[in-house]
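Everything numeric in this text was worked out from a predicted model, so none of it was measured. The chains referred to below are lettered A, B, ... by the order of the sequence lines, with proteins before strands, and numbering in each begins at 1.
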2 protein chains.
Amino acid sequence: MGKLREPLKDLAGCGLPSALEVMGERWSFLILRAAFNGLVHFEEFSSELGIARNILSNRLSRLVEHGVMERTPCAADRRKIEYRLTPKGHDLLPAMLALRQWGEKYGSSGVSDLVLIDAEKGEPIAPIAIRAADGRELGWHDLAWQARGSTDQDDCC
Amino acid sequence: MGKLREPLKDLAGCGLPSALEVMGERWSFLILRAAFNGLVHFEEFSSELGIARNILSNRLSRLVEHGVMERTPCAADRRKIEYRLTPKGHDLLPAMLALRQWGEKYGSSGVSDLVLIDAEKGEPIAPIAIRAADGRELGWHDLAWQARGSTDQDDCC
DNA sequence: AATTACAGGTTGCGATATGCAACCCTTATC
DNA sequence: GATAAGGGTTGCATATCGCAACCTGTAATT
């Protein structure tokens, strides 16, 4: 059984607060989902999500500020602007899918009739899980904290 | 290359909104993190997170309502109440870690000096990733949507 | 038994964030 | 030049957040 407690009480040493600073606001994840689905224009997000325009404007700016999306005026029609995911944005896919799978597992809305499949083999993907380096699936009790570069287990607080 | 677009525009068929309904508010994930770290009492959450008491009260009630945490009066000292994660709550760990790993990868705060390790082997865990049934790691472009129980690829919108 | 302290809240009030509708500015299209 | 489309901004009403003070029921102290 792993050491349950994360020794440091401060939130500073944890990536969660910085992740939430970007993605923790209402609509951020839904905008992300829409972007993954290929939406790029302000009006698309607006009509698709039903989000208020001022909030959408605010969120898009924020996502761009934080490097999750990229804002590029469209060369062909200079009224149009394209919002696209950056690599940093693409890296949110596991987190989004994990959240989504959880929501689907427990959500009130009946299971979606769509499944994500591995396009190469045509089989549904595995549920997102915590895995050891060798691929074994791990639960919370299989985990422990370790100081980086150390071999010693901490035993703090 | 996968079919990029998720055909249905409605959010109903997607677990993300229902997940966000529970976990999408400010503090929800930080409370979850604290709970994973073994905190159980109101005052612990309050002092640890620095969250306002009324909001904490509200969030805990909400998490209990949604079955993520469980509220049990303490038999030994009946002033005390224990808030513990349910199995549904424990199932949020992959999502939380994915978010956290993302925040640590890109966050402004320097990398934490703590690493999660597989307690059995003592090695750091693998980054949370999307995997095929056979364990291959997949990116967004390796994915496609498929109607449940069908072999046919949809090609909508 | 009375007093104090502790755990877990609730209440009021000001500060933010959100949602809605209307308006604005720039760039196409006719 | 008139009109419309895309991408916003502005004003105002409402909901949520954060802080401090207060309340309630249960130990612990005297």
key: Gap between atoms CD1 and P, on B:Ile55 and D:dA20 respectively (whole Å)   = 14 Å

request  = Classify the nucleic acid contact of B:Phe45 as base, sugar-phosphate or nothing, counting any heavy atom under 4.0 Å across all strands shown.
outcome  = nothing

B:Glu25 and B:Arg62 ion-paired at < 4.0 Å = yes

message = Need to verify one output field. Residue with the more 5' nearest nucleotide on DNA chain D, B:Glu25 or A:His41?
response = A:His41

query = Can B:Glu43 and B:Arg53 be counted as an ion pair, charged N to O under 4.0 angstrom?
reply = yes

task = Figure out the CD1/P separation between B:Ile51 and C:dG8, and round it to whole Å.
result = 15 Å

key: Minimum-distance nucleotide to B:Tyr83 side chain [options: C:dG9, C:dA7, D:dG8]   = C:dG9

request  = Indicate the atoms forming the closest heavy-atom contact of A:Phe45 with A:Met69, along with that distance.
outcome  = CZ-CE, 4.1 Å

request  = Give the rounded distance in Å between these two atoms: CZ of A:Arg79 and C1' of D:dA4.
outcome  = 8 Å

query = A:Arg53 has an atom CZ; how far is it from atom C1' of C:dA21, in whole Å?
reply = 11 Å

message = Expressed as a whole number of angstroms, how long is the span from A:Leu20:CG to C:dA17:C1'?
response = 17 Å

ask   = Looking at side-chain heavy atoms only, is the closest gap between A:Tyr83 and A:Glu70 below 4.5 Å?
value = no

remark   = Per atom distances to the A:Lys80 side chain, the nearest of D:dG7, C:dA7, D:dG8 is D:dG7

inquiry  = Give the residues of residues 56-66 of chain A touching DNA chain C, defined as any heavy atom closer than 4.0 Å, sorted by residue number.
reply    = A:Arg59

message = If I take atom CD in residue B:Glu48 and atom P in nucleotide C:dA7, what distance separates them, rounded to the nearest angstrom?
response = 15 Å

query = Salt-bridged, A:Arg136 to B:Glu120, with N to O below 4.0 Å?
reply = yes

Spacing of A:Glu44 atom CD relative to D:dG7 atom P, expressed in whole Å = 8 Å

request  = Considering non-hydrogen atoms only, spot the tightest contact between B:Pro94 and A:Ala98 and give its length.
outcome  = C-CB, 4.2 Å

remark   = A:Glu82 atom CD is separated from D:dG7 atom P, nearest whole Å, by 9 Å

message = Classify A:Arg78 by what it touches in the nucleic acid, base, sugar-phosphate, or nothing, heavy-atom distance under 4.0 Å.
response = sugar-phosphate

task = Please determine if a side-chain N or O atom of B:Trp27 lies less than 4.0 Å away from the OP1 or OP2 oxygen of D:dC17.
result = no

request  = Tell me which of A:Arg26 and A:Asp77 sits closer to the 5' end of DNA chain C, going by the nucleotide each one is nearest to.
outcome  = A:Arg26

remark   = Checking D:dG7, C:dT11, D:dT26 against the side chain of B:Asn54 (C-beta onward), the nearest is C:dT11

ask   = Can you check whether A:Ile125 reaches A:Gln101 side chain to side chain, under 4.5 Å on heavy atoms?
value = yes

